[in-house]
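What follows is one structure encoded as structure tokens, with my remarks underneath.
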Amino acid sequence: MVSELILYTPGHSLYTDTLITYGITRPLVKILDESEELEVLGTGSNYVIRVRGLDLERLSEAVTEQMKKDSARFRRELIFVTKSEAETYLDGRIGLLSEKDVSNFISKFEDEAGLKSFLESLQSPLHAQSEGKIVAGKIAKSKLKLPLMPTSGKYLAQDMTMVNKFSDDKYYRVCDYCAAFAAAGLCYGALTAKLEKWVIIITLGFEGKVDGAVIKYTLSLIEDEVNALAGIRRGTKISDIGGPAPLSLELSLATDSIPLRTLLQSMLCLFTDTAIRGFSESNASWKALSVKFDASRAKSGNLQVRGYDEVLLDPVISALADLMRKSMMPDLRERIKKLLRASRSKGPESGDAITALESLFTFFQTRRISDLYSFVRSYEVSMDRLYKSMKYKHSLSKKVCSELISLSRRL
């Protein structure tokens, strides 16, 4: 009989538990037949991870081995570095934690007995019953830093008109392994957009059931991004990159010009066909979870949350899946990139580019011709202004317009 392990993430918050899930599952997709032996259920507040064919001993060994291999990566990506210290765009990619914090996380992964005990405790959904906003104890010793749980801070926009249960002076405390796995999840399962003082962390959460293949697609997106950033020296302009620019750089240049919700939806359009297909075919509802930090305070450790958002991605995923079946994604991606670049130009085309993006994503949700018209009109005006001195205006092709119109008939 094939053994099955069931692990319950603690339920600290959707954002934190999503990171913990990616931290735990990344070593597993390296050794499992992911489509059959790994399954993750998102409940809306935490995740249930089912692992077939591994006992607790082998699971612990797999996690320990992978974490030891990745310790240098954790240091390189998580620890804050100045621009002068960063050699490539990968150095300090997250850059919101201290060297002491990261060293503590790594030491926990090197403690094989402690790691096994933690994973064993996740076999019960009651792991976090002694964690939260309590006085430090034997179990909940770690203060959960804002990059690992932004909702543990005092000020959130949605709480300004009500009593905020997180507004007292107590820290949200967890066990060392909850913090360590959340930090690992930042490396394995989060994109970063950075520009000057701002850092935006983006991860994908879900509610419903996905198999290991979909988890692998999601993790591969980040791994591909990491590999691309490692090959680009800090300060290199997008125009000087030979080939498509990493998604992080495209997004980072637009962080102060495009509303965050629109930026997150644009990001999804630039994902690979394989990832979009996996999201579409899964039995899950997907959200982009994002938090914006004032990175100028990262060195002092006095981070401040400047925004947190959860954006439902299902309407965009559904529309992109339909367009992908018509082989329209390469053309659409190029148009999205042009709009992103126009939006950050600070010229007269910027406002029309943002309106075009917002109208496109509204159309994906409503499938109304009026919203599609707004997209086409704003796109053409923006491109006319951006390329007014050039003969070729980068207009939408008849084929793209025709396929977008056909979406309105697929309600």
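Residue indices begin at 1 and follow the sequence shown. Since the structure is predicted, the reported quantities are computational estimates derived from the model, not experimental observations. Every heavy atom of this structure was used, including side-chain atoms; hydrogens, water molecules and symmetry mates were not.
- Using a 4.5 Å cut-off on side-chain heavy atoms (C-beta onward), L323 and F364 make contact.
- I20 has its side chain within reach of P10: a pair of non-hydrogen atoms, C-beta onward, lies under 4.5 Å apart.
- Contact annotation: the side chain of D17 never approaches that of S45 to less than 4.5 Å [non-hydrogen atoms, C-beta and beyond].
- A319 and L407 make their closest contact through CB-CD1, 4.2 Å (heavy atoms, listed as atom of the first residue, atom of the second, distance).
- Within 6.0 Å of CD in E99 there are 12 or fewer heavy atoms belonging to other residues, nucleotides or ligands.
- Using a 30° and 60° split on the angle between ring planes, W286 and F206 fall in the tilted class, from 30° to 60°.
- Inter-residue side-chain proximity for V199 and T255 is flagged as unmet; no heavy-atom pair is nearer than 4.5 Å.
- Screening I354, T262, L253 for a side chain to side chain contact (heavy atoms under 4.5 Å, CB included) with S343, the sole residue that qualifies is I354.
- Every residue two or more places apart in sequence or in another chain was checked for a side-chain hydrogen bond (donor to acceptor under 3.5 Å, both in side chains) with D55, and none qualifies.
- At least one donor-acceptor pair closer than 3.5 Å links the side chain of T16 to the backbone N or O of L148.
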Between R234 and D91, is the salt bridge (charged side-chain N to carboxylate O under 4.0 Å, His left out) condition met? List the steps.
CA-CA 9 Å; R234 174 69 72 172; D91 301 313; over 6 Å; no
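- The main-chain N or O of E403 is found under 3.5 Å from a side-chain atom of S406 such that the two form a donor-acceptor pair.
- Judged by distance alone, with hydrogens and angles left aside, the side-chain atoms of Y89 form a donor-acceptor pair with the main-chain N or O of T236 at under 3.5 Å.
- Nearest approach of Y8 to S124, heavy atoms of both residues: CD1-C, 3.8 Å.
- Between S266 and F361 the shortest side-chain heavy-atom distance falls below 4.5 Å.
- In terms of modelled atom types and a separation under 3.5 Å, the side chain of T9 and the main chain of Y47 share a donor-acceptor contact.
- With hydrogens and angles ignored, the 3.5 Å screen pairs no side-chain donor or acceptor of S345 with any backbone N or O of R341.
- For the pair S257 (side chain) and A254 (backbone), a donor-acceptor distance under 3.5 Å is present.
- A 4.5 Å side-chain heavy-atom check between H127 and C178 finds at least one atom pair inside the cut-off.
- Using a 4.5 Å cut-off on side-chain heavy atoms (C-beta onward), F118 and D176 make no contact.
- Side-chain N or O atoms of Y188 include none that pairs as donor or acceptor with a backbone N or O of L219 at under 3.5 Å.
- Between E112 and K68 there is a salt bridge, since a side-chain N of the basic residue sits under 4.0 Å from a carboxylate O of the acidic one.
- Using bins of under 30°, 30° to 60° and over 60° for the plane-to-plane angle, the ring pair F181/F109 lands in the perpendicular bin.
- Using a cutoff of 4.0 Å between basic side-chain nitrogens and carboxylate oxygens, D70 and R26 are scored as salt-bridged.
- At most 12 non-hydrogen atoms from other residues, nucleotides or ligands lie less than 6.0 angstrom from CD of E87.
- The closest donor-acceptor contact from the side chain of Y15 to the backbone of E310 lies at 3.5 Å or more, if one exists at all.
- By the 6.0 Å contact criterion, CZ on R58 is enclosed, its count of non-hydrogen atoms from other residues, nucleotides or ligands being greater than 12.
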Salt bridge (charged side-chain N to carboxylate O under 4.0 Å, His left out), that's the test. Do R368 and D371 meet it? Break it down for me.
CA-CA 6 Å; R368 292 192 303 241; D371 294 319; 3.1 Å; yes
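- Within the 4.5 Å cutoff, the side chain of L268 has no heavy atoms near those of the L264 side chain.
- A donor-acceptor contact shorter than 3.5 Å is absent between the side chain of E120 and the backbone of L56.
- The one candidate from R333, R344, K338 that meets the salt bridge (charged side-chain N to carboxylate O under 4.0 Å, His left out) condition with E250 is R344.
- D331 has a carboxylate O that lies under 4.0 Å from a charged side-chain N of R335, or vice versa, which qualifies the two as a salt bridge.
- Not a single salt bridge (Lys or Arg N to Asp or Glu O under 4.0 Å) links R306 to another residue, sequence neighbours left out.
- Counting only distance, with no hydrogens or angles, the side chain of S402 and the backbone of K399 share no donor-acceptor pair below 3.5 Å.
- By the side-chain hydrogen bond (donor to acceptor under 3.5 Å, both in side chains) test, K337 pairs with no residue at all, sequence neighbours left out.
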Please test R52 against E4 for salt bridge (charged side-chain N to carboxylate O under 4.0 Å, His left out), starting from the C-alpha separation and ending with a verdict.
CA-CA 4 Å; R52 300 182 184 90; E4 180 180 74; 3.4 Å; yes
